[in-house]
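Structure first, commentary second.
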Amino acid sequence: MDSYDIIVVGGGHAGCEAALAGANMGCKVLLITMNMNTIAQMSCNPAMGGIAKGQIIREIDAMGGGSGIITDKTSIQFRMLNRSKGPAMWSPRAQSDRVRFIEAWKILLESNTNIDFWQDTVKEIVTQGDTVTGVKTAMGLTFSAKCIILTTGTFLNGVIHIGNQQLTGGRMGEKNSTGVTEQLRQLGFETGRMKTGTPPRIDGRTINYQELECQYGDTIRGKFSFLETDHLLEQRPCYITYTNPRVHKVLEEGFQDSPLFTGRIQGVGPRYCPSIEDKIVRFHERDRHQIFIEPEGLQTVEIYLNGFSSSLPEHIQRKALAYIPGLERAKMFRPGYAIEYDYFPPYQLRASLETHRIHHLYFAGQINGTTGYEEAAAQGLIAGINAARTIQNQEPIILQRNEAYIGVLIDDLINKGIEEPYRMFTSRAEHRILLRQDNADLRLTEKSYQIGLASENRFQKNQQKKQAINELKSSLQEISVEPNAVNYLLENLEEPLLKQKSKISNVILRPNVTLQDLAKAIPALQSKLTNYSTEVIEQVEIQLKYAGYIEKEMMMVEKTQRFDSLKLPENFNYQKVIGLSNEAREKLTKIKPENLGQASRISGVNPADISILMIFFGR
Ligand code: FAD
């Protein structure tokens with residue numbers, strides 16, 4: 001059998017990004033997945049991005065990953081969420097055509113000659129000492145590689161629940177995967193059980209749209225990728241409806257057969273993405289819950305009911321739908337269901353996503369206890385990069401919390417421990433004013449280019465953009481404006497008037513004022529702006545308007561970086577440090593932080609413990 005640099009196990013969102021990154025960094029990659037037709041399958045909703053998740057996709061794109069481009073190519077609706085808030089909160093989201101999404105990912109991967117494919121199920125990993133050297137498959141084949149990345153998603157010992165019915169499966173209609181968990185447990189890994197769920201899909205021809213609120217995408221369609229991508233012209237709206245007390249009553253009739261309430265589901269589910277039965281119980285005072293009716297694609301009538309995830313018996317789901325406005329005659333294509341699967345608590349990983357226990361073995365995606373395509377894709381990208389770096393004898397790439405949401409995600413996973421499926425929120429990022437979707441390329445593209453991932457074309461575009469931003473910014477510091485030229489405009493915008501001649505860079509600090517507004521009143525600015533793209537103009541505006549906040553945040557970052565510069569030895573015996581609390585000793589031994597900054601973020605390690613470590617290590 002051929003030998004590879006990297007074997008990626010699993011062709012989900014993590015696996016696709018891992019394979020692409022490894023291959024684009026020059027490695028020979030084998031992607032082994034159980035079903036080639038479900039590569040990049042969206043197991044749940046046909047949408048990418050959303051709050052904080054949209055920022056992650058922008059970061060993946062800035063690094064040269066595929067998720068942004070594929071979403072742009074296949075999106076049938078785009079919205080920038082949170083536009084009314086500050087730019088740190090703006091979050092892109094797109095509905096994608098589910099079938100085209102898979103097709104576009106397959107085309108992208110298959111066009112890369114560094115990637116080979118094999119449809120099979122990996123049953124175990126092969127090791128030599130404490131280093132992984134290959135995998136064995138259900139067909140009895142052995143493949144060898146220098147690095148292995150496991151991205152098995154919801155498939156490890158997956159069990160599907162619909163009411164009292166239990167089926168083995170990794171996703172509805174697909175087999176689960178056995179053997180890997182059992183073997184890794186024997187090698188000393190700890191595993192746990194989690195669960196997630198999905199709503200029913202219904203026949204769009206049986207919906208009464210007259211009853212529903214329509215939600216269109218943005219008129220000026222945005223995009224995820226910093227590169228230009230061809231995209232579908234046809235767009236589709238979503239619709240909104242609500243449950244009501246009658247629907248809740250019907251659902252309650254099924255509670256006695258609910259795997260969630262009868263204790264048949266042992267795994268912990270995502271609190272932030274609860275099933276409809278969970279919502280009825282937890283928010284008993286609410287008499288309605290919102291449901292988004294989302295198209296699955298351009299060439300299908302299938303509809304996804306976002307917000308109506310359920311594992312109640314199929315007949316209860318069907319009966320409840322009939323009481324929802326607009327869905328009275330709705331026919332179901334597939335019922336909702338819950339799935340339980342094995343995951344590996346991520347404290348067992350280094351920040352590179354390599355496992356502590358077995359060298360050159362990486363875990364990425366839902367296997368690490370996360371939920372969501374974006375979180376999975378981000379980990380896949382980093383695991384792919386770091387597997388390639390290992391092969392090239394280079395230090396791993398670790399994005400810091402002040403550099404990227406991806407950095408926050410991985411840092412949280414390995415240090416904070418997870419008790420429920422982890423999803424990203426803007427509130428998890430303490431430096432979110434720096435981690436905006438608009439500047440992901442300015443933060444990450446150069447770094448990615450330097451490690452040989454971002455393409456020359458992407459890098460050149462990025463350099464030109466940086467230059468244009470600097471140029472426009474400095475020219476705004478030169479153009480001045482007289483009060484009588486703009487005060488009528490400022491009055492209309494309910495902003496303080498100018499009392500004396502001012503630089504545009506000062507006038508723009510007023511919250512409601514945009515450069516495009518000012519250009520209407522200032523011909524010199526108007527002609528200047530015609531030389532720049534909307535993206536550059538928007539970037540300059542944000543950088544000027546929020547300069548004070550950004551500067552303050554940078555000072556905070558500098559402070560925390562001092563901790564990060566103090567490296568800690570990997571297999572250090574924390575028992576010998578006098579004064580550390582027992583909890584700190586236990587957590588530091590288990591998580592093996594790479595530096596003092598990481599140690600300070602471990603839950604249970606308090607500031608007193610950090611002071612003791614500083615003294616111990618001579619600072
Ligand atoms: P997956 O997308 O699951 O891909 C895993 C891949 O690995 C598959 O291609 C599989 O064939 C392959 N594979 C597995 N084992 C092996 C093996 N041994 N050998 C070879 N190949 C293997 N996310 C949300 O954010 N919100 C939700 O509400 C939500 N609901 C969900 C509901 C359901 C029913 C499911 C199944 C998932 C849901 N998700 C949800 C999760 C979302 O689908 C995942 O987070 C995301 O797909 C994880 O990506 P991944 O790459 O880690 O794994």
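Start at 1 and go down the list; that is how both ligands and their atoms are numbered.
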_I'd like to know if the side chain of Asn386 pairs up with that of Tyr362 as donor and acceptor (distance under 3.5 Å, no hydrogens or angles considered)._
no

_For a quick check: using heavy atoms under 4.0 Å, what are the residues in contact with ligand 1, sorted by chain and number?_
Val9, Gly10, Gly11, Gly12, His13, Ala14, Ile32, Thr33, Met34, Ser43, Cys44, Lys53, Asp120, Thr121, Val122, Thr151, Thr152, Gly153, Thr154, Phe155, Arg171, Ser177, Thr196, Gly197, Thr198, Cys273, Tyr337, Ile339, Gly365, Gln366, Thr371, Gly372, Tyr373, Ala376

_Residues that Gln119 engages under side chain to side chain contact (heavy atoms under 4.5 Å, CB included), provided they are two or more places apart_ = Asn35, Met36

*Taking the side chain from Arg236 and the backbone from Glu294, do they hold a donor-acceptor pair closer than 3.5 Å?*
no

*With distance as the sole criterion, is a donor-acceptor pair present between the side chains of Lys123 and Thr178 under 3.5 Å?*
yes

_Are there over 12 heavy-atom neighbours, none belonging to Glu110, within less than 6.0 Å of that residue's CD?_
yes

*Assess whether salt bridge (charged side-chain N to carboxylate O under 4.0 Å, His left out) is satisfied between Asp5 and Lys146, documenting all intermediate values.*
CA-CA 5 Å; Asp5 290 323; Lys146 295 176 188 138; 3.0 Å; yes

